[in-house]
Amino acid sequence: MLLKKHFGYHTFKTGQKEVISSILSGNHTLAMLPTGTGKSLCYQLPGYVLEGHILIISPLLSLMQDQVEQLKKFGEKRVIALNSFLSVEEKRSVLTDLKNYKYIFISPEMLQLSYIIQRLQRLKISLFVVDEAHCISQWGYDFRPDYSKLGEIRKKLNDPVTLALTATATRKVRNDIIKSLELNEVAKIESSIDRPNIALHVEQISGYQEKENRVLNLIAKLKKPGIVYFSSKKAADHMALVLRKKTNLRVSAYHGGMDSNTRVLIQQQFIHGQLDVICATSAFGMGVNKENIRFIIHYHMPPQIESYLQEIGRAGRDGKPSVAILLYTPGDERLPLQLAEAELPTNLQIDWLFKIIFQEQIIGKKQLNPEWQELGGFSELQWRIVESFFSEPMQELDDLLSLKDTIQEFINERLEIKKQNIFLMKKFIESSKCRREFILQFFDETMVNKLHSCCDLCGDDIQAFYGNEVCGQSPSNEETWKDYLAKILINSELRE
Amino acid sequence: MQKLVSIILDCIKNINNERTIYSILHLLNGKKSSQTIQDAHLFSIKKYFGVYESLTRDSFERIIDEIANNQWIKPIEEQRYLLTPSGESYCKKNPVPPHLNGWKYYSMTKLFWERLSLFIQVTSNLVYKETKYIPIQKNKDIHTWVKACLVGTNISRQEIGNQIFHELLECLDQVDGIQPPVLVFRLTGYQQIGLTAEQTANKLKMDMIDYQLEFNNILHYMIKKISENEKNFPLLSFAVYDIKKANDLTNSTKKTWNLYRRGYSINRIAKERKLKVSTIEDHFVEIALNVKNFSIDEYVDKSQQEKILEVARQEQTRQLKQIKEMLGSVTYFQIRLVLAKYGERQWN
């Protein structure tokens, strides 16, 4: 009933019902549901049953914005996102009438602020949701230091019922999540990460030009729509250009270097069937609820199996056969290695920073100066890592020495883990036995029944995914601007 | 790039060797410095102010090299050029977008587009009775504005699509010097997402640079047409309502202006604001350009004003140095004030 009334769905998807009833009976719950199975419903729906507020901790600003929009789209107005996007004024007004918001989304950074905690302590939090919970674990591919403090914060908020949500977490990561959140008894709802309607293919390609040709060739033949993923913006732009030139398909690039208005348009065009192919970086996909994506091609290898699964998981949400094709050229692993190193601060940068800090401490200054980010050449990501290690006011001189070691150790450890992940991804590519089995094993699952169209190593034929159906109405070039205006502004059905 | 080239050639012609080519880059970028604002007025090129904000120094220099190679301009001294007869004929063959009016509209162009595009999306979905869609504009102020418009109109929801359709037709159909597809295919409606700038340029087989200029051209045209005939456009006129910025002074000049109005002298303002006197003088020149009822008599007496204008007209120059050499007793500040206040009116 609630499902239909508030969200317009008739049935639950896998796992949703179990998670929701577990929460409603007051259990801490860890839910691992595959991408595209509507994880957010698991906290949205209980909001219509539980008294008090739903607090959702979400690590990515774009993701948070998107979830807020989704709720609003379904007519829920009592939603707010507390993040650094809010101006000082907006923040003040939101905080004063925080009690009027049912769903409070918050970034982990904001939760570090004591006045925010005080505000939240005045409310009855009936559900504490940790989205993308794999960020808690240092074994997770996307570890966020400020996520590791959530256990403490949960206690401060009077031990509310907690829901940890993730799409891809190995057993080690799942155990870490429970430990870090300090949950005693936890109901675990873990559906298989396997998506049986997506066939897994890996192709070895000898060189760069051959790869480009192979993409052209595949895209000409495969059923559309589909996404080609790249690790570099430039490569995505280039391929989109080539595809537009050499085919008559509707193709666009999508990446973080484009302005936000353009990104919204391209995402919506794809959802509305106005584009056949998107050449994207990993920035594309969040909030893209499109059912009929038929293929995912990886032009570059993803840096870990979890990302690979997230990205291919965008295909075939309608349950129909779909295909994931990863193109590998020897030496391709160099790119993710370089990117991994660039994400972390270098030892040189840390040395420089601490030299400055020591000088400032002597003259009595006890704050991390934001200008040092630019002076030391820290990227946004690098600086966020650095920042998370400092308290305010800054630690005393004695503690700073050991802090430097802690940070350097942390960086080395992260790099080691990232290298491990890339290594595992490469093993997956080079695997000689069933690819699906490889992935299931990685997540400590066993294969239950052998699929008909499984992977290239099981002899699946890629031609099964070829086809020439046109996926959307291609507007004729003869449409004049007046026709176009009339089409969007005059509903001819109303005229008769 | 044709249209941008024509604009640059037109600027070079008007500046007539009295400034370096970089003054043109600043102008197209819409740089809010007193110098750029004064030049825009002085040389009658203010319609190009801010019409190409994203033009980089690199691409600008490349264009200059190219048009110099084509002999459309000839170098006079470093960074200074004059238009050649072949440059002149290029301009004639490739006219600039005629409705550009950067100085007047550049500060509201973006807001006007954001309002118009969201208004059309909302109206279209109203017409098709759709309530679940993702707004293509994220700016909350624009959302509030659209809501206020819908509350403020007494046109029924069935009629609203029809009405805006006819207003757009009335505004855009059969007008010289605009290309409606440049704008219309970018509009989003019910189940139909608008094209991006790049996609529209591809569709119309234009390059991105000229596309941007044509896009600004049609927006400037619309703002003008609608503001001047509000009665004919009951719905579209919402989009220009209250859109004019309070005044066009730069922020720092605004502070100087406020102190001036409290009776502070130039020297005192400089002291109070810890700025150089020459900077405050720049602000005063900007005020003379922008504030209609600001009198410069306090700083230049009437007879001097006349002399300066006389020399400038006779010598056909706007170069300060030349004027000062002819008159001797006046300061640069005084010349600039006079040219700012009366210059354009006398020459155009």
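Each chain gets a letter, A, B and so on, in the order the sequences are listed, and its residues count up from 1.
With respect to chain A, the highest number of heavy-atom pairs below 4.5 Å among B/E114, B/Q137, B/R186, B/K138 belongs to B/K138.
Annotation: side chain to side chain contact (heavy atoms under 4.5 Å, CB included) contacts of A/T96 (sequence neighbours excluded): none.
Contact annotation for B/L126: neither backbone nor side-chain heavy atoms come within less than 4.5 Å of a heavy atom of chain A. Heavy atoms closer than 4.5 Å to chain B are found in the side chain of A/S252, but not in its backbone. If you measure heavy-atom distances from B/N202 to chain A, the contacts under 4.5 Å come from the side chain alone. Interface remark: B/E198 contributes side-chain atoms only to the contact with chain A (heavy atom separation under 4.5 Å). The parts of B/L195 that come within reach of chain A are both its backbone and its side chain, each placing non-hydrogen atoms under 4.5 angstrom from that chain. Contacts of A/E69 with chain B are made by side-chain atoms alone, with heavy-atom separations under 4.5 Å and no backbone atom involved.
Other residues, nucleotides and ligands contribute at most 12 non-hydrogen atoms within 6.0 Å of the CD atom of B/Q174. Enclosure of atom NZ in A/K290 by more than 12 non-hydrogen atoms of other residues, nucleotides or ligands within 6.0 angstrom is indicated. Other residues, nucleotides and ligands place more than 12 heavy atoms under 6.0 Å from the CG atom of A/D97.
Checked options A/D483, A/L485, A/I488; the residue passing with B/V184 is A/L485 (criterion: side-chain contact (heavy atoms from CB on, under 4.5 Å)). For the side-chain contact (heavy atoms from CB on, under 4.5 Å) test with A/Q274, the passing option among B/Q191, B/Q192, B/Q199 is B/Q192; the others fail.
Taken to the nearest 0.5 Å, the CD atom of A/Q70 stands 5.5 Å off from the CD1 atom of B/I134. Atom CG of residue B/D173 and atom NZ of residue A/K482 lie 3.5 Å apart, to the nearest 0.5 angstrom. Once rounded to the nearest 0.5 Å, the distance linking CG of B/N125 with CG of A/N491 reads 11.0 Å.
Side chain of A/Y484 to backbone of B/L187: a donor-acceptor contact under 3.5 angstrom is found. In this structure, the side chain of A/T262 does not engage the main chain of B/T196 through any donor-acceptor pair within 3.5 Å.
The side-chain heavy atoms of B/I136 and A/L265, taken from C-beta on, include a pair separated by under 4.5 Å. Looking only at side-chain heavy atoms (C-beta outward), A/E479 and B/F185 come within less than 4.5 Å of each other. A heavy-atom distance below 4.5 Å is not found between the side chains of A/Q267 and B/I193. The side-chain heavy atoms of A/L489 and B/L168, taken from C-beta on, include a pair separated by under 4.5 Å.
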Show me the donor-acceptor pairs within less than 3.5 Å that the side chains of residues 231-238 of chain B make with the rest of the protein, sequence neighbours left out.
residue, atom, partner, partner atom, Å
B/S237, OG, B/F233, O, 2.8
B/S237, OG, B/P234, O, 3.2

